[in-house]
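Please read all numbers here as calculations on a predicted model, not as lab measurements.
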Amino acid sequence: MKLLLRYATLSTAYYVCCLLALTLYTYLSMRGMEHEVDPIRGTRTLSALCLLVCMGSAAKLYWVPGYKFYRPPNIIIFYILYLVWVMAPTLLHDIEGDTLSDTVFVLIGMVMPVCTVLITYNYIMNHGENRWLRWFFCGMFIVYTIGFFHILTDLKSIGYVIQMIVSYFTLYTLPLIMLTSGKKTRILFIILTVIVLTVSVKRGGLVAMALGLAAFGATYLFSTRRVKAGAVVGSVIAFALFAVLFVFLGTLQESNVVQRFQDVENDEGSGRKTVWTRTAQMIAHSDAVSLVVGHGYDKVQQDSPLGLSAHNDFLEVAYDYGLVGLALYLCAGILLLRLVWLAIVRKSPDAPALAMFFTVYFSLSMISHIIIYPWANVILLTVSYICAREKLACKEQTE
């Protein structure tokens with residue numbers, strides 16, 4: 001922690017560059033995640049440059065006096081082990097496209113989250129928390145919102161039916177804002193998230209957000225020493241406004257999200273039950289080696305007669321990366337749940353936001369994908385930030 005001012009400033013400046021590189025990388029990936037939208041020219045080259053910028057952060061161990069490498073907690077270690085492991089089945093099997101550029105781009109997507117989690121954890125452990133981070137997290141949210149509406153405009157111009165998964169970038173960034181910002185800022189960005197998710201016509205995102213906010217409220221009531229009447233009244237009014245906003249936007253002619261909720265019983269969640277059953281059968285019929293090691297990157301979609309991914313992180317990981325990958329991912333998830341539970345038991349001020357984060361993360365892992373998509377960087381940024389913040393809080397209590 002005893003760093004010279006000028007070196008500390010340079011170290012912070014480089015961390016900002018890494019966060020900018022991360023934001024650019026995830027922003028570029030948004031267009032590649034939506035059908036019928038052309039990627040930005042030079043996406044792969046820029047993505048490689050973003051990774052090089054982040055990897056360059058390791059040099060701070062040499063040129064910043066007193067900068068230490070802190071052993072990350074077991075949560076982060078298991079996430080890293082998982083991300084390193086998935087490279088093995090990926091390289092052992094063909095990748096769709098089967099060009100060197102395709103392989104490198106896929107590997108970049110696996111290495112980038114490792115850089116994200118290690119850089120953030122070590123920066124905060126060396127320099128402590130910085131108030132400017134809250135503004136950066138808000139800025140990331142705005143960048144993703146702009147990217148969302150830009151893609152939305154392109155899709156509407158060709159008459160494409162709107163169901164935009166990239167809206168989840170805003171939802172995954174929201175817990176970072178809830179952890180670092182004041183009440184007014186939180187409410188503002190919750191409203192913005194509701195707008196984006198409703199316009200995107202994604203039922204899963206809206207359900208996950210509702211569950212996350214419920215977890216936030218329940219944990220707040222449990223962890224706070226004294227519940228203020230004004231806070232309760234304000235929360236009721238806020239939820240009423242969110243409901244009105246959802247109904248208004250969801251029933252517009254351009255959006256059919258309310259109708260999609262009404263149809264959920266008929267379409268079985270866009271056929272997820274059938275997809276899950278088929279993926280489970282594919283796992284059960286795998287040979288012994290493939291069952292343990294996995295079939296390779298994105299193989300559920302390629303091998304399934306339905307032509308769809310598993311729409312469940314655990315089934316996808318089990319088939320693509322085997323029981324080894326699944327075990328590592330489950331260990332990371334269980335340790336993350338333990339961290340959240342301990343924060344709730346201690347009645348930590350961060351407990352409500354942590355409960356919201358884990359609820360959103362787990363619920364969407366069950367019906368969609370998180371760890372296999374580029375927004376895993378945002379999730380692991382949150383995990384590393386939480387781990388470092390909790391570690392520093394424990395240090396302060398023992399000193």
Exercise for review: Identify the residue among Y168, Y144, Y373 that makes a side-chain contact (heavy atoms from CB on, under 4.5 Å) with V378.
Suggested key: Y144

Side chain of [X], backbone of [Y]: donor and acceptor closer than 3.5 Å?
X: S200; Y: L197; result: yes
X: S290; Y: S286; result: no
X: T26; Y: T23; result: yes
X: N312; Y: M366; result: yes
X: E129; Y: R389; result: no
X: H93; Y: P89; result: yes

Practice item. Using the side chain to side chain contact (heavy atoms under 4.5 Å, CB included) rule, take I77 and N74 through it: C-alpha gap first, then chi angles, then the decisive distance, then the call. Key: CA-CA 5 Å; I77 289 175; N74 290 335; 4.0 Å; yes

Review point. Do E316 and Y321 have a side chain donor and acceptor closer than 3.5 Å?
Key: no

Check your understanding: For residues Y319 and D303, is any side-chain donor paired with an opposing acceptor at under 3.5 Å?
Key -> yes

Exercise for review: I would like to know whether L354 and S348 meet side chain to side chain contact (heavy atoms under 4.5 Å, CB included); could you show each step before the answer?
Suggested key: CA-CA 10 Å; L354 296 187; S348 166; 5.7 Å; no

Rounded at 0.5 Å granularity, tell me how far [atom1] in [X] sits from [atom2] in [Y].
X: N122; Y: S384; atom1: CG; atom2: OG; value: 9.5 Å
X: M356; Y: L211; atom1: CE; atom2: CG; value: 11.0 Å
X: D94; Y: Q302; atom1: CG; atom2: CD; value: 9.0 Å
X: T279; Y: L308; atom1: OG1; atom2: CG; value: 8.5 Å
X: M30; Y: T43; atom1: CE; atom2: OG1; value: 12.5 Å
X: I371; Y: F314; atom1: CD1; atom2: CZ; value: 10.0 Å

Give a yes or no on this: more than 12 heavy atoms of other residues, nucleotides or ligands lie within 6.0 Å of atom [atom1] of [X].
X: Y14; atom1: OH; answer: yes
X: W135; atom1: CH2; answer: no
X: M55; atom1: CE; answer: no

Point to revise | is_close_aromatic(F169, Y27), centroid dist under 6.0 Å | key: no

Exercise for review: For H311, enumerate each residue passing the ring-ring contact (aromatic ring centres under 6.0 Å, His included) test, keeping only those at least two apart in sequence or located in another chain.
Suggested key: none

Heavy-atom side-chain contact between [X] and [Y] under 4.5 Å:
X: L51; Y: Y25; answer: no
X: I146; Y: I142; answer: yes
X: L19; Y: L133; answer: yes
X: T185; Y: C138; answer: yes
X: V196; Y: L171; answer: no
X: S363; Y: I367; answer: no
X: C387; Y: I75; answer: yes
X: H127; Y: S11; answer: yes

Residue pair [X] / [Y]: nearest heavy atoms and the distance that separates them:
X: A310; Y: V275; value: O-CG1, 3.5 Å
X: W85; Y: V292; value: CZ2-O, 4.3 Å
X: L83; Y: V86; value: O-CG2, 3.1 Å
X: A353; Y: L179; value: CB-CD2, 3.6 Å
X: T359; Y: A215; value: OG1-CB, 3.3 Å
X: A355; Y: T219; value: CB-OG1, 3.2 Å

Check your understanding: Partners of L92 by side-chain contact (heavy atoms from CB on, under 4.5 Å), sequence neighbours excluded?
Key -> V293

Practice item. Establish whether F105 and L28 are linked, either directly or via other cluster members, by ILVMFWY side-chain heavy-atom contacts under 4.5 Å. Key: no

Point to revise | hydrophobic_cluster_shared for V53 and M140, side chain cutoff 4.5 Å | key: no

**Study point:** All salt bridge (charged side-chain N to carboxylate O under 4.0 Å, His left out) counterparts of D154, not counting sequence neighbours
**Key:** R31

Point to revise | Worked verdict on I95 versus T90 for side chain to side chain contact (heavy atoms under 4.5 Å, CB included) | key: CA-CA 7 Å; I95 295 175; T90 297; 3.7 Å; yes

Practice item. Could you walk me through whether N130 and Y123 pass side-chain hydrogen bond (donor to acceptor under 3.5 Å, both in side chains), step by step? Key: CA-CA 10 Å; N130 290 276; Y123 173 80; 3.0 Å; yes

Residues 106-121, side-chain donor-acceptor partners within the protein, below 3.5 Å, at least two apart:
from: T116; atom 1: OG1; to: M112; atom 2: O; distance (Å): 3.0
from: T116; atom 1: OG1; to: N377; atom 2: OD1; distance (Å): 3.2
from: T120; atom 1: OG1; to: Y15; atom 2: OH; distance (Å): 3.0
from: T120; atom 1: OG1; to: T116; atom 2: O; distance (Å): 3.2

Do any side-chain atoms of residues 186-195 form donor-acceptor pairs under 3.5 angstrom with protein atoms, and if so which ones, sequence neighbours left out?
from: R186; atom 1: NE; to: M178; atom 2: O; distance (Å): 3.0
from: R186; atom 1: NE; to: S181; atom 2: O; distance (Å): 3.2
from: R186; atom 1: NH2; to: M178; atom 2: O; distance (Å): 2.8
from: T193; atom 1: OG1; to: F189; atom 2: O; distance (Å): 2.6

**Study point:** Option among Q301, H369, K299 that satisfies the side-chain hydrogen bond (donor to acceptor under 3.5 Å, both in side chains) test with S309
**Key:** H369

Distance-only donor-acceptor hits, side chain of residues 322-345, under 3.5 Å, sequence neighbours excluded:
from: Y329; atom 1: OH; to: D313; atom 2: OD2; distance (Å): 3.4
from: Y329; atom 1: OH; to: Y361; atom 2: OH; distance (Å): 2.9

Practice item. Please assess L381 against F137 for the test side chain to side chain contact (heavy atoms under 4.5 Å, CB included), listing each intermediate value before the final yes or no. Key: CA-CA 10 Å; L381 173 64; F137 296 150; 4.2 Å; yes

